[in-house]
Amino acid sequence: MKSYRKELWFNVPQRRKIIRITEEIQNAIDESGIKEGLVLVNAMNITASVFINDDESGLHSDYERWLEKLAPEKPYE
């Protein structure tokens, strides 16, 4: 069985940000040379993450509202 590992780093200065990583994942798959199998994408060394499998602005907006209710960013005290 073949395996391939690649680390991707993202610097996000904002408290919360939606980042589309589809191209970076596809590039890693292409670099691996592996033609069939599974891809595991794992967020390491961060406080929290949410994976959204659909790049649709309405869904992003829904998640932003939900996250703000779950863990409000403001007011700062």
Side-chain angles (χ1 to χ4, degrees):
M1 173 174 54
K2 293 182 182 180
S3 67
Y4 180 79
R5 181 176 189 266
K6 181 169 185 170
E7 292 184 12
L8 302 175
W9 292 78
F10 302 96
N11 181 15
V12 180
Q14 302 94 325
R15 182 178 169 103
R16 189 167 55 227
K17 175 91 173 146
I18 293 176
I19 302 173
R20 186 175 192 270
I21 62 172
T22 304
E23 286 81 15
E24 287 87 348
I25 301 303
Q26 186 61 59
N27 288 341
I29 292 167
D30 295 343
E31 288 172 13
S32 77
I34 298 171
K35 300 295 180 195
E36 185 177 320
L38 300 173
V39 175
L40 171 63
V41 178
N42 188 24
M44 305 291 287
N45 299 320
I46 61 172
T47 303
S49 67
V50 175
F51 286 85
I52 303 172
N53 291 325
D54 192 358
D55 189 17
E56 195 272 309
S57 62
L59 184 59
H60 295 178
S61 178
D62 291 346
Y63 268 100
E64 288 286 352
R65 283 193 303 278
W66 175 74
L67 287 169
E68 185 60 29
K69 288 179 186 175
L70 180 67
E73 181 177 356
K74 296 178 183 173
Y76 301 112
E77 295 183 33

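Hydrophobic clustering, with ILVMFWY side chains joined whenever heavy atoms are under 4.5 angstrom apart, groups V39 together with I21.
Atom NZ of K17 and atom CD of E64 lie 9.5 Å apart (nearest 0.5 Å). With values rounded to the nearest 0.5 angstrom, H60 atom NE2 is found 4.5 Å from D55 atom CG.
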- Test side-chain contact (heavy atoms from CB on, under 4.5 Å) applied to E24 and F10, step by step: CA-CA 11 Å; E24 287 87 348; F10 302 96; 4.2 Å; yes
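Side chain of E56 to main chain of L59: a donor-acceptor pair is present (N/O by atom type, distance under 3.5 Å, no hydrogens or angles).
Counting non-hydrogen atoms of neighbouring residues, nucleotides and ligands closer than 6.0 angstrom, the CD atom of Q14 exceeds 12 such neighbours.
Contact between S32 and Y4 at its shortest, heavy atoms only, is CB-CG, 3.4 Å.
Using a 4.5 Å cut-off on side-chain heavy atoms (C-beta onward), I25 and L8 make contact.
A side-chain N or O of Q26 and one of D30 form a donor-acceptor pair less than 3.5 Å apart.
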